[in-house]
2 protein chains.
Amino acid sequence: MGFNQLDPLLHSQLRLAVMSLLISVETADFVFIKEQTESTAGNLSVQLDKLSTAGYIEIIKQFEGKKPKTTCKITPKGVDAFDTYVKEIQQYLKP
Amino acid sequence: MGFNQLDPLLHSQLRLAVMSLLISVETADFVFIKEQTESTAGNLSVQLDKLSTAGYIEIIKQFEGKKPKTTCKITPKGVDAFDTYVKEIQQYLKP
DNA sequence: TAAAGTAGTTTATTTTATAAACCAAATACA
DNA sequence: TGTATTTGGTTTATAAAATAAACTACTTTA
């Protein structure tokens with residue numbers, strides 16, 4: 001047995017929720033993610049940055065008409081990391 | 001959909017590992033838990049205290065001959081909390 | 001009997017998460 | 001028209017958590 005190391009970047013409630021969301025929808029904008037995860041803008045901004053720095057998501061900043069629009073997209077590396085995390089944590093859940 | 005709140009007491013790698021272990025073995029001593037979870041004594045001591053304070057485990061301190069022996073046991077409340085956590089995090093894992 | 005090992009606890013440091021404050025532009029409204 | 005208010009965020013400060021390092025107390029071994 002033995003418990004394997006959980007990716008600390010994914011073992012965070014908000015970042016995990018973001019990744020979970022992006023796994024299913026492919027791309028989502030800041031406001032949508034904020035609503036779905038019920039997070040504050042500040043916290044979300046910080047966590048998206050971390051996921052982006054890790055190369056797990058891509059952040060695209062554009063303008064929608066005159067309003068800024070931040071869109072997030074999961075990367076192949078992010079998909080891999082998420083899949084691995086899911087396998088790893090399962091070991092903790094069913095002993 | 002929406003992501004439900006994960007019990008912060010269980011959403012910690014070491015505490016989750018401890019609970020996962022105790023769910024399957026019922027009782028285990030400090031040294032055994034330390035080995036199985038590959039944790040340091042200091043970190044384990046702190047995390048066991050938190051689980052105990054939350055009423056998720058019971059800590060029994062005795063002497064085995066002349067050596068101190070700390071034994072941990074999961075409580076019914078701990079079992080419940082663990083089960084709930086497992087259900088809750090599944091929502092994050094399979095979207 | 002001095003050195004090393006066992007079984008932990010306590011304290012300090014680092015890392016994370018969260019909250020609060022801030023910014024720039026757009027829109028509503030009196 | 002100009003002044004609140006809202007939108008869509010970022011940055012900075014604070015609180016909480018995890019981890020590591022240092023320490024305690026006792027035991028065993030050489």
Side-chain angles (χ1 to χ4, degrees), chain A residues 3-21 27-54 56-73 81 85 88-89 92, chain B residues 3-22 27-54 56-73 81 85 89 92:
Chain A
F3 297 95
N4 43 26
Q5 195 65 17
L6 297 174
D7 183 345
L9 241 130
L10 293 183
H11 197 64
S12 135
Q13 183 163 180
L14 182 49
R15 290 194 301 268
L16 189 62
V18 169
M19 292 294 284
S20 176
L21 194 62
T27 79
D29 63 51
F30 190 94
V31 175
F32 180 72
I33 298 175
K34 180 174 172 299
E35 282 166 6
Q36 292 294 309
T37 59
E38 290 170 81
S39 57
T40 61
N43 192 12
L44 184 57
S45 180
V46 170
Q47 307 311 328
L48 288 180
D49 255 18
K50 287 183 188 174
L51 290 172
S52 169
T53 298
Y56 288 2
I57 67 170
E58 194 188 347
I59 298 179
I60 305 119
K61 281 163 201 297
Q62 309 154 257
F63 274 83
E64 179 101 321
K66 292 171 179 181
K67 288 181 189 169
K69 187 176 188 183
T70 299
T71 306
C72 301
K73 190 177 185 321
Y85 176 84
E88 282 171 347
I89 201 166
Y92 290 73
Chain B
F3 298 95
N4 43 25
Q5 194 68 15
L6 298 174
D7 182 346
L9 242 129
L10 293 183
H11 196 64
S12 135
Q13 182 162 180
L14 182 49
R15 289 194 300 267
L16 188 62
V18 168
M19 293 294 283
S20 176
L21 193 64
L22 291 179
T27 80
D29 64 50
F30 191 94
V31 175
F32 179 73
I33 297 174
K34 181 175 172 297
E35 281 166 4
Q36 292 294 309
T37 59
E38 292 171 79
S39 58
T40 60
N43 192 12
L44 183 56
S45 180
V46 171
Q47 306 311 327
L48 288 180
D49 254 20
K50 287 183 188 174
L51 290 172
S52 168
T53 298
Y56 288 3
I57 67 171
E58 193 190 344
I59 298 179
I60 305 120
K61 284 163 200 297
Q62 311 155 255
F63 274 83
E64 178 101 320
K66 291 172 180 179
K67 286 180 190 169
K69 187 175 188 183
T70 299
T71 306
C72 301
K73 189 175 186 326
Y85 176 84
I89 200 167
Y92 289 72

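Lettering follows sequence order; numbering is per chain, from 1.
Considering only residues two or more places apart in sequence or on other chains, Gln47(B) meets the side-chain contact (heavy atoms from CB on, under 4.5 Å) condition with Leu14(B), Arg15(B), Asn43(B), Lys50(B). In this structure, the side-chain contact (heavy atoms from CB on, under 4.5 Å) partners of Ser52(B), at least two apart in sequence or on a different chain, are Ile57(B), Ile59(B). Listed by chain and residue number, nothing satisfies the side-chain hydrogen bond (donor to acceptor under 3.5 Å, both in side chains) test with Asp49(B) (two or more places apart in sequence, or in another chain). The side-chain contact (heavy atoms from CB on, under 4.5 Å) search around Lys66(B) returns none, not counting sequence neighbours. Under the salt bridge (Lys or Arg N to Asp or Glu O under 4.0 Å) criterion, Lys73(A) pairs with Glu26(A), not counting sequence neighbours. Annotation: side-chain hydrogen bond (donor to acceptor under 3.5 Å, both in side chains) contacts of Thr37(A) (sequence neighbours excluded): Ser39(A). A search for side-chain contact (heavy atoms from CB on, under 4.5 Å) contacts involving Asp29(A) returns Val31(A), Phe32(A), Lys69(A), Thr71(A), not counting sequence neighbours.
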Margin query: Between Tyr85(A) and His11(A), is the side chain to side chain contact (heavy atoms under 4.5 Å, CB included) condition met? List the steps.
Written below: CA-CA 8 Å; Tyr85(A) 176 84; His11(A) 197 64; 2.8 Å; yes
Notebook entry, point to check: Between Thr70(B) and Ile33(B), is a side chain to side chain contact (heavy atoms under 4.5 Å, CB included) present by the stated rule, with each step listed?
Noted result: CA-CA 10 Å; Thr70(B) 299; Ile33(B) 297 174; over 6 Å; no
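At whole-Å resolution of the value, CD in Glu35(B) and P in dG8(C) are 11 Å apart. The distance from atom CD of Gln62(A) to atom P of dG8(D) is 14 Å, rounded to the nearest whole Å. Taking atom CD1 of Ile33(A) as the reference point, atom C1' of dG8(D) lies 13 Å away to the nearest angstrom. Atoms CD (Glu64(B)) and P (dC26(D)) sit 18 Å apart, rounded to a whole Å.
Within a heavy-atom distance below 4.0 Å of DNA chain C, the residues of residues 6-16 of chain A found are Ser12(A), Arg15(A).
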List every contact pair, protein side and nucleotides 27-30 of chain D side both N or O, where the distance is under 3.5 Å.
none

When you compare the protein's N or O atoms with those of nucleotides 9-15 of chain D, which come within less than 3.5 Å of each other, and at what distance?
residue	atom	partner	partner atom	Å
dG9(D)	OP1	Thr70(A)	N	3.0
dG9(D)	OP1	Thr70(A)	OG1	2.3
dT10(D)	OP1	Lys61(A)	NZ	2.6
dT10(D)	OP2	Ser45(A)	OG	2.4

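Taking 4.5 Å as the limit, every side-chain heavy atom of Tyr92(A) sits out of range of all side-chain heavy atoms of Ile89(B).
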